[in-house]
2 protein chains.
Amino acid sequence: MHSKSAPNPHAETVWTRLVRASTRVQAEIEATLKAAGLPPLDWYDALWEIEKAAPDGLRQFALQERLLLPQYGLSRLIGRIAEAGLITRTPCPEDGRGQILALTEAGAAARKAMWPVYAAAMEQAIGTRLTGDDARRLADMLARLV
Amino acid sequence: MHSKSAPNPHAETVWTRLVRASTRVQAEIEATLKAAGLPPLDWYDALWEIEKAAPDGLRQFALQERLLLPQYGLSRLIGRIAEAGLITRTPCPEDGRGQILALTEAGAAARKAMWPVYAAAMEQAIGTRLTGDDARRLADMLARLV
DNA sequence: CGCAGATAGATGCATATGCATTTATGTAGA
DNA sequence: TCTACATAAATGCATATGCATCTATCTGCG
């Protein structure tokens, strides 16, 4: 985006492609889910984290750390998913300020229905463009940016 | 996010880290720009593309392809930037439906003021975490996902 | 020419997001 | 205990985004 050289001369290229790649892949996955009449991606992530935390349930602030969402963003996401009947929010006995999130039957079913579509979209958008070895290497390098 | 294996067993890891890395880096860069009292990232990209297209100017649909933004999104982005006095929209003589985008003095100055802050944030968020060689390799791999 | 698309760009309306603040509860120290 | 501060979560308000549609112009074909 600019010719002046920087300490690490490839940082800019990495950044540009990182954005382009993740934007494209995300758009493809979202489009696939929507075309299948399924909820958006962030619903999946939330449902999955809550499902993994069963049977104890999950506090909202804990989910917040896992999903890297801002507090108000998650509060509203949770509100929408709960509105759709996929999760429950029950008051936390140990901490009157908090609540415990858990999947409903419908929530577990929804997550399960999303997975094959999600996985196929991921494979399509990423898996088919890289060999297994390259994918592993790419994942390793990306880990250092996380 | 799920244990069932897929054709390319690393696609899921790539996807997860791709999102996390780009989200984190983007958040850092945006925060740095905002802290410096500068416009957001997408303004920079637009200004820079328009500046590169000088002296001919740039059609909105051409910018749209370069920035990978939806038509209505760019229409509004352009509206905001023009409102701020950083670009001009003049009717296109060859095509009455279109317009030609060009930087104003203030627009060129704004882009120039943003660059060092942007570059430093990029270096901070990416350059310091990878060797030059690794950055080049990473960029090469990402190219296949773009 | 006259009309059927196609294309460039804007916009109304619903939904989502960012930011700051609020409410309620918890914790620690004088 | 009372007070000050910290934390969990929600929300009012402004702004941004997605989607569908609209207007205006262009292009090609009978």
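All values below were derived from every heavy atom in this structure, side-chain atoms included, with hydrogens, water molecules and symmetry-related copies excluded. By convention in this document, chain letters (A, B, ...) are assigned in the order of the sequence lines, proteins followed by strands, and residues within each chain are numbered from 1.
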B/S/- contact track for nucleotides 2-8 of chain D, protein heavy atom under 4.0 Å: -----BS
Starting from [atom2] on [N], measure out to [atom1] on [X] and report it in whole angstrom.
X	N	atom1	atom2	result
A:R80	D:dT11	CZ	P	13 Å
A:I78	D:dA9	CD1	P	10 Å
B:E94	D:dT27	CD	P	11 Å

Can you find a pair of side-chain heavy atoms, one from A:W15 and one from B:I29, that are under 4.5 Å apart?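 Yes - at least one pair of side-chain heavy atoms lies under 4.5 Å apart.
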Under 4.5 Å between any side-chain heavy atoms of B:P40 and B:K34, yes or no?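 No - every pair of side-chain heavy atoms lies 4.5 Å or more apart.
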Interface limits on DNA chain C, where chain A has a heavy atom under 4.0 Å of a nucleotide atom: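 Footprint of chain A along DNA chain C, 5' to 3': C:dA16 to C:dG26.
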N-O pairing of [X] and [Y] below 4.0 Å:
X	Y	result
A:R80	A:E83	no
B:R137	B:D134	yes
A:R24	A:E28	yes

Hey, which sits more toward the 5' end of DNA chain C by its nearest nucleotide, A:G73 or A:P93?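 The residue closer to the strand's 5' end, by nearest nucleotide, is A:G73.
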What is the nucleic acid contact for A:G96, judged by heavy atoms within less than 4.0 Å: base, sugar-phosphate only, or nothing?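 Answer is sugar-phosphate: A:G96 comes under 4.0 Å of backbone atoms only.
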Show your working on side chain to side chain contact (heavy atoms under 4.5 Å, CB included) between A:T13 and B:L138 and close with a plain yes or no. CA-CA 9 Å; A:T13 312; B:L138 177 54; over 6 Å; no
Is there a path from B:W48 to B:L67 through hydrophobic residues (I, L, V, M, F, W, Y) whose side chains come within less than 4.5 Å of each other?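 As far as the 4.5 Å side-chain criterion goes, B:L67 and B:W48 are not connected within one cluster.
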Under the side chain to side chain donor-acceptor pair (under 3.5 Å) test against A:Q60, which residue among A:R89, A:Q99, A:Q71 passes?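 The single option meeting the side chain to side chain donor-acceptor pair (under 3.5 Å) with A:Q60 is A:Q99.
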